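Here the structure is a predicted model, which means the values were calculated and not measured. We use all heavy atoms of the structure for the numbers below, so side chains are in, but hydrogens, waters and symmetry mates are not. Labels below follow one simple rule: chain letters A, B, ... track the order of the sequence lines, proteins then strands, and each chain is numbered from 1.
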Amino acid sequence: MNTTNQSPDTEKTKESLNFIEAIIEEDIREGRNDGKVHTRFPPEPNGYLHIGHAKSICLNFGLAEKYHGKCNLRFDDTNPVKEEEEYVESIKEDIHWLGFRWEGEPRYASDYFEQLYEWAEMLIQKGLAYVDDQPAAVIAAQRGTPTEPGIISPYRNRTMEENLQLFREMREGKYRDGEKVLRAKIDMSSPNMHMRDPVMYRILHEHHHRTGNKWCIYPMYDFAHGQSDYIEGITHSVCTLEFEVHRPLYDWFLDQIVTGPYRPRQIEFARLNLSYTVMSKRKLLELVEKKIVNGWDDPRMPTISGLRRRGYTPDSIRNFADRIGVAKRDNVIDVALLEHAVREDLNKTALRYMVVLKPLKVTLTNYPEDQTEQLETINNPEDPEAGTRTVPFARELYIEQDDFMEDPPKKFFRLAPGREVRLKSAYIIKCEEVVKNDRGEIFELKCTYDPETRSGSGATRKVKGTLHWVSASHALDVEVRLYDRLFNDPDPAGHKDKDFKEFLNPDSLKILKDCKAEPALATAKKGDHYQFQRIGYFTVDPDSTENHPVFNRTVPLRDAWARISKNSNR
RNA sequence: UGCCCCGUGGUGUAAUUGGCAACACGCCUGACUCUGGAUCAGGAAAGUCCAGGUUCGAACCCUGGCGGGGCAGCCA
């Protein structure tokens, strides 16, 4: 029997699960939490999201999608000193832009402050929490070190009644910042530092972006996160590796409040590292504050807003996130993979236009002075639906400086004295004369065109190279910003004795002010993606105005010639 | 010299849970091409950190090393 649609190949293609999916499927199989899957993305609103967050977003929202569950957006806003509404808005925008929809309204840890407070009182009543009057430095000293146990606070054995009264007074604002804290009573000699009577609440007379001045005590991350998960019905609380040592504490707090069979579970994965960039919020903030880049959305930044401005698409980032996988070992992803992801996406969709970045004038000496032709050209060879347009052709043109060499090496297929090339969608031309200025610089080429070779005329003559070009009199003047990696070193933050800023790439931004574009680009709209033929993918920058279009280079095209010439150079 | 986590081509992730180490990026050939793009065909590249053990059989299990990362905020 030959049942066609079941080749042995597709049979073998059973998808492999990442370790988190494996855990989830086992949980479902065993009927934990009624087989439900509910995840959450829990950013702290203290900065802009970056590509590392995108990995987490794709993971959490993706898991919910895959297992027909839900995913919440929850702002982890327990520290009013650092958090701001501005960040809340940018985070929501970035997640939306990536194409994800959270379940219901965004949640906030601050929504749970009252409940958290009640649980804190409950712990006090159970004798599992106490108020400590010591200053931060003393508490830190008593905590011991990873190799030595801590010592017990002199306030550890206050009565339940006294603790309760003190804690209530803390809430009422009777004490100054730092005067008292509420601590969990666990184990000062635990080998896990986080179990040595961790602080649950600290006093902060600060205005909170949502609760205003209602509170002057704020819960710590450890006393907020697991409980927030519990309140929201989260089943799988996925976070990065540095929280692994917090898990026993996550579970300890849950042990105190969980009443039924439902219980959230923390799972840790390795955060994303990308080559040739830095990913920590602190370092990114430094780049912004020291004006090394032009803001959080500078197209060289690995922030989501930066990538968006650079011209990355949501699909490309999501595909990238899929490909890098999820595991627990430290990793550094080659930025080339990210670049591949955009090229792959844009290749399918971006319309092709001709833009000359560094113009070199070409005069066709045998072309009539006052003639203009409208030549038809295809918008996207990858997508027949994209149709065609016309581009004006005339006697005076611009071609790319890089497309001409007076003394070309062997594998150079472009224009040179006496040589022929095809002008894309136009004619074959031949270089007859090189005109130089006083300084001996090439200034203009005098060429002839072959009227028999018009594109689409059926002419069969072949030439080795095809160049992009623009009619001089019709050309649109545009600004083009060429971006390159921000750092020269694959791991700028990985040098013990050197500051990451020592590895900044001085050529990460080159601004080209007199580029020549074909007129059709006059209607380009902000955020549109294009391929500039033979050069790369570009998008319209928000700095663009009607009279002054500005394009950002998202990523160059793969360039075989660049590789050939580089390889022969060494 | 505490506790926790992790070691598979250059990079990342797999290997139906003990059965021929695969996929992607990158790199190199070649074909094709009115984009030196795309596409297509092929290639090099790990024998799974090391040493033992269990087993007919180990990337996978056990023991011991070695290496990397994390933990001593009233940050998250």
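Across all strands, A:N192 comes closer than 4.0 Å to no nucleic acid atom at all (heavy-atom distances). Contacts of A:V332 with the nucleic acid, taken as non-hydrogen atoms under 4.0 Å apart, involve only primed sugar atoms and P, OP1 or OP2. Counting any heavy atom pair closer than 4.0 Å across all strands shown, A:K424 reaches a base atom. In this structure, A:R352 reaches the bases: a heavy-atom distance under 4.0 Å links it to at least one base atom across the strands shown. A:A327 comes within 4.0 angstrom of sugar-phosphate atoms only, judged by non-hydrogen atoms across all strands, and of no base.
Considering only side-chain N and O atoms, A:R563 lies under 4.0 angstrom from the phosphate OP1 or OP2 of B:C28. Between A:N331 and B:C6, a side-chain N or O to OP1/OP2 separation shorter than 4.0 Å is absent. Contact between the side-chain N/O atoms of A:K462 and the OP1/OP2 oxygens of B:C34 is found at a separation under 4.0 Å. Considering only side-chain N and O atoms, A:R196 lies nowhere under 4.0 angstrom from the phosphate OP1 or OP2 of B:G73. Phosphate contact (OP1/OP2 of B:G69, side-chain N/O of A:R271, threshold under 4.0 Å): absent. Side-chain N/O atoms of A:H468 include none lying less than 4.0 angstrom from OP1 or OP2 on B:U35. A sub-4.0 Å separation between OP1 or OP2 of B:G12 and a side-chain N or O of A:R323 is absent. Applying the 4.0 Å criterion to OP1 and OP2 of B:C75, one finds that A:R202 has a side-chain N or O inside that range. Residue A:T78 places at least one side-chain N or O under 4.0 Å from the OP1 or OP2 atom of B:A76.
Between the CZ atom of A:F413 and the P atom of B:U35 there is a distance of 14 Å, given to the nearest Å. Put simply, CZ on A:F19 is 9 Å from P on B:C6, counting in whole angstrom units. Residue A:H209 contributes atom NE2, which lies 12 Å from atom P of B:A76 at whole-angstrom precision. A straight line from CE of A:M200 to P of B:C75 spans 15 Å, rounded to a whole angstrom. Note: CZ (A:F393) to P (B:C34) measures 18 Å, nearest angstrom. At whole-Å resolution of the value, CG in A:D197 and P in B:C74 are 12 Å apart. Protein atom CD of A:E518 is 13 Å distant from nucleotide atom C1' of B:U35, rounded to whole Å. At whole-Å resolution of the value, NE2 in A:H246 and C1' in B:C5 are 13 Å apart.
Looking at A:R247 and A:E268, a side-chain N of the basic residue comes within less than 4.0 Å of a carboxylate O on the acidic one, giving a salt bridge.
Nearest heavy-atom pair across A:M200 and A:A129 is SD-CB, 4.0 Å.
Considering only the side chain of A:Q533, B:U35 comes nearest among B:A76, B:U35, B:G26.
Judged by closest nucleotide on RNA chain B, A:K464 is the one of A:K464 and A:M193 placed further toward the 5' end.
Spacing between B:U33 and B:C28 at atom P, rounded to whole Å, works out to 23 Å. Comparing the same atom, C1', in B:G65 and in B:G26 gives a spacing of 34 Å after rounding to whole Å.
Between A:Y218 and A:H208, the angle of the ring planes stays under 30°, which puts this pair in the parallel group of the 30/60° scheme. Taking the six-membered ring where the residue is Trp, A:F253 and A:F223 present perpendicular rings, their angle passing 60° and hence far from 30°.
Shown here, B:A22 forms a base pair with B:U13; the pair counts as Watson-Crick or G-U wobble because both key distances fall under 3.5 Å. Pair check for B:A51 finds B:U63; Watson-Crick or G-U wobble, both atom distances under 3.5 Å.
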Please test A:S190 against A:N192 for side-chain hydrogen bond (donor to acceptor under 3.5 Å, both in side chains), starting from the C-alpha separation and ending with a verdict. CA-CA 5 Å; A:S190 169; A:N192 183 338; 5.5 Å; no
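Taken from CG in A:L17 to NZ in A:K66, the straight-line distance is 5.5 Å, to the nearest 0.5 Å.
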